[in-house]
Structure formats: C-alpha cells, structure tokens
Amino acid sequence: MKRSLFLALLPVFFILTVVDEVNAQKKSKRNKNVVKTEVTINTTPKLVVGIVVDQMRYDYLTRFWNHYGDGGFKRMVNEGFNCKNHHYNYAPTSTGPGHTSIYTGTTPAMHGVIGNDWYDKGLGQNVYCASDSNYSSVGTSGSEGKMSPHRMLTTTITDQLRLHTQMKGKVIAVALKDRGAVLPGGHSANAAYWFVGKNEGNWITSTYYMNTLPNWVTSFNNSDAAEKYKRIWSTFKDINLYVESGSDKNDYEGKYKNQETATFPYDLPKLWDENDGFDAIRSTPYGNSLTADFAIAALEGENLGQDTITDFLAVSFSSTDYVGHKFGVNSKEVQDTYIRLDQDLEKLFNRLDQQVGKGEYTVFLSADHGAIQVPSYLKDNKIPGDYVDFKKIRTGLNEWTKFKYGTEDLIKNISNNQIFLDHKVVNNLDLNLKSVQEAFANELLRFNDVDKTYTAYQMWQNEYTTGISYILQNGYNQKRSGDVLFVLKPGHISYSRTGSTHGSPRIYDTHIPLLFYGKGIQKGSTVERTEIPDIATTISSLLGMAFPNGATGKPIQEVIKN
C-alpha cells in the first residue's frame, strides 16, 4: 500500500523539482540584468564656503544686475539656486544676531544673541555680543582681540561639522568685523580672524583660539596687502553709466572728515590721518577686496579642501555695511561697492576652482540684514518717512512714570526698541508686573512715531505665526529681552539725517538674498518664502550631519540634488 502511494506521487515530485529549477534559472538570469544603484544620502564637498554680505538688500542683486560680470553673482544665480523671497523672521535685524541666526539655524529667542549690544539684566550693564574679558588679543597690543562666542547659547553648522568629522574638518572664519568672524566660526572653530585699523592695518585673533598667529597670517600682515588699498577711490566704470542710483552730489550722504562733499573721487591718502588711518578702508569697497585677499590667503595657508574631509571657510564682507551707513542705499557709492564686490567674488571663486577644484566645493551667500532708504530722501519724494528723537520719548516716559507711579526708577534701560523695567521696584511698590507692562505699552502708543507695542507677557503667553508680532516673538528671548517692545512707523528711524540703517522688523530690513552654488546644489529658483534659519538646516542636510542643537529652520528641499 505504501509502495503503491510512493510510486503514484513520484511523477508529481519530479514535475515540482523541474519547475523549481526552471524558476531558479529565470530568477538568476533576471538578477544578472538588474543594475544595482547605490543610494547617496549625503554630499561631501571638500569645502563649504559661507558668504555673508553685510547690509545687502535683495534688490541689489537685481538693480545692479546688468553691471555684474559672469563670474560672481551671475555665476551663482545662473549655475546655482536663487531663493528670491528670503527673509529674516525676527527683529532686531542687526549684524550680531544676523550672523548668529544664519549659522545656528534659529533665532534670538533660542540662540540668545538679541543685538550687537544689549542690556544684561543680570549684570545691570550693556554687553557686546562677542566681547570676553577672559581672553586676550593676539596680533595687537590693544583690546580688540578680547573676544569669544560665549554669549551664543547654541551650536552652529560649523560646530556640527567639527563634531561630525571628529574635529578633523577645519573651520576658519574671516571678516573685517570681529562679530562677523567670531559668531559664524562657532564655539569650536580652528580660528577666527578680524581686522584692526588705525595705524596697524593687521588681521588679529583671540587667545580663545590660539596664543600666536600662524606664519601665513604674520606674512600677510607684514606684506603690503592692506597698504596697497591706501589709494584713490574712483568708480569702477564710467560714473555716467550708474543710472540705477541717485545723483552723485546730494543731501542724503555722509562725508569723510576733511572732505567738503560726498562725491567721487575719494582721495584716501589725503583723507587718511583725519579718518583713522586704515579704518578709512572699511567704508570703501577696498575693505571687501582686502577681505577677499585674506580669505584666499587662509584658503592656501590652512590647506582647506585638500582631502576628503569637508572643511569650512566662513567669509563676511563688512564694507558693504559701512558704505551703506555712510552714503545710503540709493548712492552711487553703494552701487560701485557692489560692482567691485562682484569682481572680488569672481576672484575668490576662480581661486577656489584652482585650489579645491570646480565642482568640489559648495557655496552659500546671504546677508545679515537689509537697509532702509534714507528717510529724508523719502520725504523729499512725498513718501512717508522721518526721524525719531528717542531722547524726547525717554523724557516723556520719565514724566509719565513719575506722575503715575511717583518715581522714575521703574525704567532701568531703553535699547533695541525695548524697555527694561526694574522688577525690584515693581515689587517694592506692590505693583502687578503684567499691569505695569501693559500701562507702558499703552503710553508708548501716545507717541506719534510709535506704531505698535507688545509686552513681554504677550510674548510669553501667545504663539504668533504671522506678521510683525511673529517677527518680534522670534527675536524675544525670555531671559535676555525687555518688558515692553515697540515698533516705529514704516520709514521711521532713529539715526543721522544722512546714510541708511537697519534693525526693524519691516520688510526693507528683512528681505535679503540667498544663493546656493556648487556641489550637491540643484539649479533653479523659488519665490516661495524661505527664512534665515533654513540655511543651516539645508547645509546640514546636504552634508548628512546633525542640525545645530537649537535649529528651528526647515531644509529647503528644492536646493539639494536628489
């Protein structure tokens, strides 16, 4: 019986075995024809170059477009990615917070740098964003090198790169301004260098980074690199071609000391002594050229981008800010400065091509804030704008405070468009802090130049998602900011009658460029809104590393190649 069953099933076993063998052969044949593709989850440029152009409005990119060459701004736009609707999402819009926010991927609410200077409630005095008396100057006998990033509370993309590479990726930061180098470099930079002017004209650093300057920096300082820019500043092109700017002679521009009019040419050798020697270079395009020269020297002296471990070079061009403050956004001086900066960018990119290799590095370019049109120019053209006298506001508040509360001691400080109250006095008078804040906010609205006010209580209790309140909340740090925040009317500033400034939550201060170029970057553009914290998370995503530890930005998907 068993034998008969076995003989009956034997053909079935045979057929199944043959079918399995045929299927196995077909599967093997299919596998041979399949091309395996390896999924890439990060991009590894040899070098990342972060460029911040101080006080660059977005429209400087479009307004002066026809004057730019093919190798600078146009190279980044035509071969890279252009975020056309890029904004600061907080105020105050100033240099220290700007550089910090770009590199931390968050806002002052998180990273704590709430201004270039601010009133420290714990110390009871004003502090500077990068100052640190615990360290000494390197490269100068003055105090200009007593700096560190210790007031920045979170990590930066440069810190994350150092951590990601087990401290093997090198980070070098360069700027004329100390804060333009110290803050982008992060807490763990190999070096940050900035410029000291007057009779020195040298690049210096802090003992936070090192005890002596490297040989390449000493050699640069000993050369005529800075001295060669002690020369006449004439326009790069025929000044009659600068039709995108106002007239050369007008009432809206500041002047150098010992010069009758703010008009071309500017004879720096003649103006030198009256304008603090090498500091005179700062408010000319030559300051940017000197910065580009030093950045290239750093590229070569530090052997950046010479192996498979990604390095980072952070460069801030500060002279655009000095020129904007002195001459204003509609000046021919500003136009010439950007035309010359375009040449400096081309020089830097060409050197990167040679030193690192075209297609082997990644660049982003943005700004730390925008700038307002000179209000006196706006007024002359029947556009709302004016100047605010904060002394009158302070005097008026003191009188009101004494009348309402019987003392002027309630106000400890007014700065960065914030009022800091003395909480001890509030408690001693048995007052309710929330009610006092609201009373001050209401009183401020009585001043004609004040447009909006908010209290710290509002910043604590609400979550704003749009508008001025959203921008102010992102700039509000619970431990460092004041009790009452106020916003001036559009076009209104507290500043001199000449030149431009910044700092407000208004769109002329928030709308700035953002360009990406190089390895791993998609070609294209977007008019979708992007925000400053998005830069750090985009670069982090590109490199496949952790975001800075306080990051609130979102990676811009369209920028990164799939």
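This one's a predicted model, so the numbers in the text were calculated from it and none came from an experiment.
Under 3.5 Å, the side chains of R57 and Y508 contain no donor-acceptor pair of N or O atoms. For the residue pair Q473/Y90, the side-chain donor-acceptor check at 3.5 Å is not satisfied. In this structure, a donor-acceptor pair under 3.5 Å is present between the side chains of Q160 and T155. Of the N and O atoms on the side chains of H325 and Y495, at least one donor lies less than 3.5 Å from an acceptor on the other residue. Looking only at atom types and distance, the side chain of Y60 has no donor-acceptor partner in the side chain of T320 under 3.5 Å away. A donor atom on one side chain and an acceptor atom on the other are not found under 3.5 Å apart for Y88 and D368. Checked by atom type, the side-chain pair S245/N330 shows no donor-acceptor distance below 3.5 Å. Side-chain N/O atoms of W216 and E302 include a donor and acceptor closer than 3.5 Å. Between the side chains of Y229 and D293, at least one donor N or O sits under 3.5 Å from an acceptor N or O. R351 and Q354 share a side-chain donor-acceptor pair at under 3.5 Å. Side-chain contact of R151 with Y128: a donor-acceptor pair under 3.5 Å is absent, judged by distance alone. Side-chain atoms of T106 and H111 include no donor-acceptor pair closer than 3.5 Å. A donor-acceptor pair shorter than 3.5 Å cannot be found between the side chains of Q373 and S500. Checked by atom type, the side-chain pair S94/H502 shows no donor-acceptor distance below 3.5 Å. Using modelled atom types and a 3.5 Å distance limit, the side chains of S525 and N82 yield no donor-acceptor pair. Side-chain contact, H369 with T93: no donor N or O sits under 3.5 Å from an acceptor N or O.
Taking OG1 of T44 as the start and NZ of K519 as the end, the distance is 4.5 Å to the nearest 0.5 Å. Between Q522 atom CD and E558 atom CD the span is 10.0 Å, to the nearest 0.5 Å. Note: Y135 OH to Y209 OH = 10.0 Å, rounded to the nearest 0.5 Å.
A donor-acceptor pair under 3.5 Å links the side-chain atoms of S366 to the main chain of P513, judged by distance alone. Here the side chain of S540 pairs no donor or acceptor atom with the backbone of F547 at under 3.5 angstrom. No donor-acceptor pair under 3.5 Å is formed between the side chain of T156 and the backbone N or O of T104. Panel note: side chain T154, backbone G550; no donor-acceptor pair is recorded below 3.5 Å.
Within a 6.0 Å radius of CZ in F236, no more than 12 heavy atoms belonging to other residues, nucleotides or ligands are found. In the displayed structure, K168 atom NZ is contacted under 6.0 Å by at most 12 heavy atoms of other residues, nucleotides or ligands. Within 6.0 Å of NZ on K326 lie more than 12 heavy atoms contributed by other residues, nucleotides or ligands. For N215, the CG atom sits in a loose shell: 12 or fewer heavy atoms of surrounding residues, nucleotides or ligands are nearer than 6.0 Å. Within a 6.0 Å radius of NZ in K121, more than 12 heavy atoms belonging to other residues, nucleotides or ligands are found.
By the 4.0 Å N-to-carboxylate-O rule, D279 lies close enough to K198 to be salt-bridged with it. Checked for salt-bridge contact, K84 and E528 miss the test: no charged N lies under 4.0 Å from a carboxylate O. For K332 and D336, the salt-bridge test fails: no basic side-chain N is under 4.0 Å from an acidic carboxylate O. A salt bridge does not link K479 with D120: none of the charged nitrogens is closer than 4.0 Å to a carboxylate oxygen. We find that K177 and D54 are joined by a salt bridge, their nearest charged nitrogen and carboxylate oxygen being less than 4.0 Å apart. One finds no salt bridge joining E79 and K523 here, because no Lys/Arg side-chain nitrogen approaches an Asp/Glu carboxylate oxygen to under 4.0 Å.
Applying the side-chain hydrogen bond (donor to acceptor under 3.5 Å, both in side chains) rule to E531 yields the partners N89, Y470, R529; only residues at least two apart in sequence or on another chain are considered.
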Kindly determine whether Y266 and E333 satisfy side chain to side chain donor-acceptor pair (under 3.5 Å), including the steps that lead there. CA-CA 10 Å; Y266 296 97; E333 287 82 357; 2.5 Å; yes
In sequence, state the C-alpha distance, the side-chain angles, and the governing distance for H87 and I532, and then conclude on side chain to side chain contact (heavy atoms under 4.5 Å, CB included). CA-CA 6 Å; H87 291 269; I532 276 295; over 6 Å; no
Show the numbers, then the answer: is there a ring-ring contact (aromatic ring centres under 6.0 Å, His included) between F294 and W203? CA-CA 9 Å; F294 189 74; W203 292 85; 4.2 Å; yes
The test is salt bridge (Lys or Arg N to Asp or Glu O under 4.0 Å); show your working for K146 and D178 and say whether it passes. CA-CA 10 Å; K146 293 184 175 182; D178 47 50; over 6 Å; no
May I have the step-by-step check of side chain to side chain contact (heavy atoms under 4.5 Å, CB included) for F327 and Y322, ending in yes or no? CA-CA 9 Å; F327 300 105; Y322 290 110; over 6 Å; no
Between D307 and K46, is the side chain to side chain contact (heavy atoms under 4.5 Å, CB included) condition met? List the steps. CA-CA 7 Å; D307 55 32; K46 292 182 178 180; over 6 Å; no
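Put simply, the side chain of D159 reaches to within 4.5 Å of the side chain of H187, judged on heavy atoms. No side-chain heavy atom of R282 sits under 4.5 Å from any side-chain heavy atom of D276.
A perpendicular orientation is assigned to the rings of W272 and F278, their planes being inclined by more than 60° (bins at 30° and 60°). Using cut-offs of 30° and 60° for the angle between ring planes, the Y58 and H511 rings count as parallel.
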